[in-house]
Amino acid sequence: MQMPIPDASVLSRKPEIVARLQAILPGDAVIFEPTEVKVYECDGLTAYRCPPLAVVLPSSTAEVSAVLRACHDLGVKVVPRGAGTSLAGGSMPTADAVILGVARLTEVLETDYANRFIRVQTGRTNLSVTGAVEAEDFFYAPDPSSQLACAIAGNIAMNSGGAHCLKYGVTTNNLLGVTMVLMDGTVVELGGAHLDAPGLDLLGIVCGSEGQLGVVTEATLRILRKPEGARPVLIGFDTSEVAGACVSDIIKAGVLPVAIEFMDRPCIRACEDFAHAGYPDVEALLIVEVEGSEAEIAEQLAKIVAIARRHNPVELRESKSAEESALIWKGRKSAFGAMGQIADYICLDGTIPIGELPFVLRRITELTASYGLGVANVFHAGDGNMHPLILYDANKDGDLDKAERLGFDILRLCVEVGGCLTGEHGVGVEKRDLMDVQYAPADLEAQLRVKDVFDPRWLLNPAKVFPLAVSESRRAA
Amino acid sequence: MSTCDPTSEAELSDAIRAAAASDTPLAIRGGGTRGSSAAATGQPLRMSGITGITLYDPGALTLVVRAGTPLAEVEAALAAEGQRLPFEPWDGRALSGANGAPSIGGMVATNASGPRRIQAGACRDSMIGVRFVDGTGAVVKNGGRVMKNVTGLDLVKLMAGSHGTLGVLTEVGFKVLPASETVATLVLHGLDVPRAVAAMTAATAAPFEVSGAAHVPDGFGDGPATLLRLEGFEGSVLHRARELKRVLAPFGESHKVDGPGDWSRLRDGAFFAGATGAVWRISVKPTDGAHVAAALPQARLVLDWAGGLVWALVPEDLDLRAALAHVPGHATLVRASTEARARWGLFHPEPAAVTALSEGLRRKFDPAGILNRGLMRSRVPTPA
């Protein structure tokens, strides 16, 4: 993976730049010693590292604005950072950039249950947003697997999803408003507690923009009342083809489960060893969860079970208790961690039309074999968002390179069958150079123009999202 | 004036390229049912030649359709599979009196969403892909046919509600949902607006998935009526109706009415059809619905979205935005005389910093300024 050559003039001006930042922020909010900035050298995509020029940790929107204005004046690039859990390298530094972390922006600013929203500073973690409202039986719906650690700022930047978005949507569907600071320090308010925009839907373009357009410091989020109850059912099949057909039939029947998760045998075994969730040892396992009162759960599960039985499952088991349900989800949500105990892996995130599932799984198996690597599959089957985990050995020469090439082949396959490169993790640096597989030059040009409007000097989160050759003339200008 | 009637995306691209070169403004026409495009000046560009459902996969809950396709054709195709567009698009004809057929492109360009907005999201929330031709004639695609997609910047959302000012939509992909087996409405009588808003917000804050919460102060001939809709499988609706009655008990006894009821009239603002005056749609946070009512004593009102959407019928000379200056939100003028439209503008003014971004986007996507010229401009930018 290639990054632009750092700007030598910026590197040589480091003392001046640090002094300018120190004039704006308290002493402990500017980090510049080489040993200390090293902490920020990577995010969740640990294969790539680069210590930044400096790190700033502002505590208010005003401080963020002052920092950005100073960097804008000095011509210094800025990489925004939430909690640093990005799997796509979304907050990976460059040597000539200042990392702007929102870790000190963690306040809850307003909770309003009648109007069903919470306003928070964006350094707050996803799970702690729910934590702030669950005493009143409310919750914040998007639930990425990293929800214990990941920040709302990063969720907004990547338009994060989760296991339950089949019913509740992703971040963009649960975001009502933001306070955002542009690269030149201008503070804009988009949206609010009311619905929809009076003019262009700028909130819609900001969500998922991967730190290319501005730094979001505050967010108004939709909160929902918790359902009366929820229960998962485990359905095991001999082949992934049959599991795929079962998913499609459930959806066609008009049942909308809150989640439909899929795991293949390597993943089931790893999760079972890790979490002891009681998963059956089968070729393909579905976790289907429904919500509501006891009677509503029974009504929906009856329909789902009837459909599943037509596909001759080898195992069909409803959760009998809240403890068992929690264990079933613990197994699924620890999939990445469980696989990490077995091998190094690259986690892919392509989405495919559900109907292509059997073909794509077969091709993934063939491709993986041709590279001599292993793969485990876990994904959100209801919406076609796949997470193949490519297993490799980081200590073996050339293995990472092989795994990356296999990953690219699988993502190309996702696009070929009508899907996309990334369903919820974002492009970052990881998939940057594949963007022209999915998008024609005119498609990319339209996106670049949006960036031109929000960040005319191309200083925010450089060398991400767009192929380097595509953005080169703008970055050089 | 001659019209422009492309029958393909390629023809549309050629037409726009030519119009840009000759500085000919184009007024984009979908079904012509909302009257908003009438405010744009230029040669009519009719989209009725770019039609057809290009993909419908009920098992994946996805539909892709060309922009000129009549909405009715899409709704019929979905109904045949027991599915629907989740956001319940409102039909402009009741207010505008127009004869046309609402089109997919017009629905998307206005981000038209109805009562179910509070539970299922707006039109933009169901959109998963777009194709459009920008003001230079370039064909652009964004998103696609899958419901989870964060690949690159989300131009899909940007195009929703952009009123044709950034590009001319040619194709849109949607996430669709199962239609409801059963519909029922709980009705409360006799509440004033503040009590009605309190009842509606109590209902939407309960875990019973209320899919419509509206208040009609004039009622249906028997005094103020507050309506709360439940949809789903039969057993589930019965259960939730029982539970919701309990939640609503402090506001009086509610009566359950089975079937679709008056929701399509509420959706379309049909209560004000034929009445004299200007009709506004005001978006505020739900509890501010009561403040809107208090600030507009001379208005006839209907509240939707639990109080968060206020339809207001007021005299044409009332400066409604000034009257509501203390309430955060926005007001769109949806029906008025040409004079009142010119005086107030259809769209709510935005802060200067936001206007600068919006205008910047328009200049990038339509550098010659030929697409729906005159629409969506803030008349008097307010200070940031």
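Order of the sequence lines sets the chain letters (A, B, ...), proteins ahead of strands, with each chain counted from 1.
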**Q.** Check: A:Leu195 and B:Arg117 side chains under 4.5 Å, non-hydrogen atoms
**A.** yes
Q | Nearest non-hydrogen partners of A:Pro198 and B:Glu350, listed with the distance | A | CG-OE2, 3.9 Å
Q | Toward chain A, the part of B:Arg240 with a non-hydrogen atom under 4.5 Å | A | side chain
Q) Where along residues 168-179 of chain A does a heavy atom come under 4.5 Å of chain B, listed by residue number? A) A:Val170, A:Thr172, A:Asn173
Q: Of all the heavy-atom pairs spanning B:Pro207 and A:Glu228, show the shortest one and how long it is.
A: CG-CG, 4.2 Å
Q) Atom NE2 in A:His425, atom OG1 in B:Thr151: separation rounded to 0.5 Å? A) 12.0 Å
Q. Relative to chain A, which segment of B:Ile118 carries a heavy atom at a distance below 4.5 Å: side chain, backbone, both, or neither?
A. both
Q. Should B:Glu209 and A:Lys167 count as an ion pair when the cut-off is N to O under 4.0 Å?
A. yes
**Q.** Spacing of CG belonging to A:Leu200 relative to CG belonging to B:Leu357, to within rounding of 0.5 Å
**A.** 10.0 Å
Q: Taking the side chain as every heavy atom from C-beta outward, state whether B:Asn142 and A:Asp443 have any atom pair closer than 4.5 Å.
A: no
(Q) Using a strict threshold of under 4.0 Å (side-chain N to carboxylate O), is an ion pair present between B:Glu81 and A:Lys252? (A) no
(Q) Contact between B:Lys285 and A:Asp112 at the side-chain level, heavy atoms closer than 4.5 Å - yes or no? (A) yes
**Q.** Least distance between heavy atoms, A:Cys165 atom then B:Lys148 atom
**A.** SG-NZ, 3.4 Å
Q. Less than 4.5 Å apart, any side-chain heavy atom of A:Glu189 and any of B:Pro351?
A. no
Q. Can you tell me how far OG1 of B:Thr62 sits from CG of A:Asp383, rounded to the nearest 0.5 angstrom?
A. 11.5 Å
Q.
I want to check something: taking the side chain as every heavy atom from C-beta on, are B:Leu153 and A:Val465 in contact at a cut-off of under 4.5 Å?
A. no
**Q.** Basic-acidic side-chain contact under 4.0 Å: B:Lys157, A:Asp201
**A.** no
Q. At their closest point, which heavy atom of A:Glu299 faces which heavy atom of B:Gly235, and how far apart are they?
A. OE2-N, 3.2 Å
(Q) Using heavy-atom distances under 4.5 Å, tell me whether B:Val139 contacts chain A through its side chain, its backbone, both, or neither. (A) backbone
Q. Should A:Glu424 and B:Asn149 count as side-chain neighbours, where that means a heavy-atom distance under 4.5 Å?
A. no
(Q) Looking at chain B, which one of A:Gly350, A:Gly418, A:Ala295, A:Ala298 has the largest number of heavy-atom pairs inside 4.5 Å, strictly under? (A) A:Gly418
(Q) Hydrogens and angles aside, do B:His239 and A:Glu294 bring a side-chain donor and acceptor to less than 3.5 Å of each other? (A) no
Q: Name the member of A:Phe466, A:Phe117, A:Phe138 that forms the most heavy-atom pairs with chain B at distances under 4.5 Å.
A: A:Phe138
Q. Do you know which of A:Gly426, A:Ser293, A:Gly419 has the most heavy-atom pairs with chain B at a distance under 4.5 angstrom?
A. A:Ser293
(Q) If we define contacts as heavy-atom pairs under 4.5 Å, which of A:Thr351, A:Ile354, A:Val427 has the most with chain B? (A) A:Thr351
Q. Quick one: CG on A:Leu166 to CG on B:Leu61, what's the gap to the nearest 0.5 Å?
A. 7.0 Å
Q | Minimal non-hydrogen separation, A:Gly204 against B:Asp154, with atom names | A | O-CB, 3.8 Å
**Q.** Over 12 non-hydrogen atoms of neighbours within 6.0 angstrom of CD in A:Glu110
**A.** yes
(Q) Report which part of B:Ser358 has an atom under 4.5 Å of a heavy atom belonging to chain A: side chain, backbone, both, or neither. (A) both
Q: May I ask you to test the A:Glu296-B:Phe233 pair for a side-chain heavy-atom distance under 4.5 Å?
A: no
Q: For the residue pair B:Val146 and A:Pro353, establish whether any side-chain heavy-atom pair is separated by less than 4.5 Å.
A: yes
Q | salt_bridge(A:Asp196, B:Arg124) N-O dist < 4.0 Å | A | no
**Q.** Pair B:Thr287-A:Asn115, side-chain donor/acceptor within less than 3.5 Å
**A.** yes
Q. Out of A:Lys303, A:His380, A:Glu136, which one racks up the most heavy-atom pairs below 4.5 Å with chain B?
A. A:Lys303
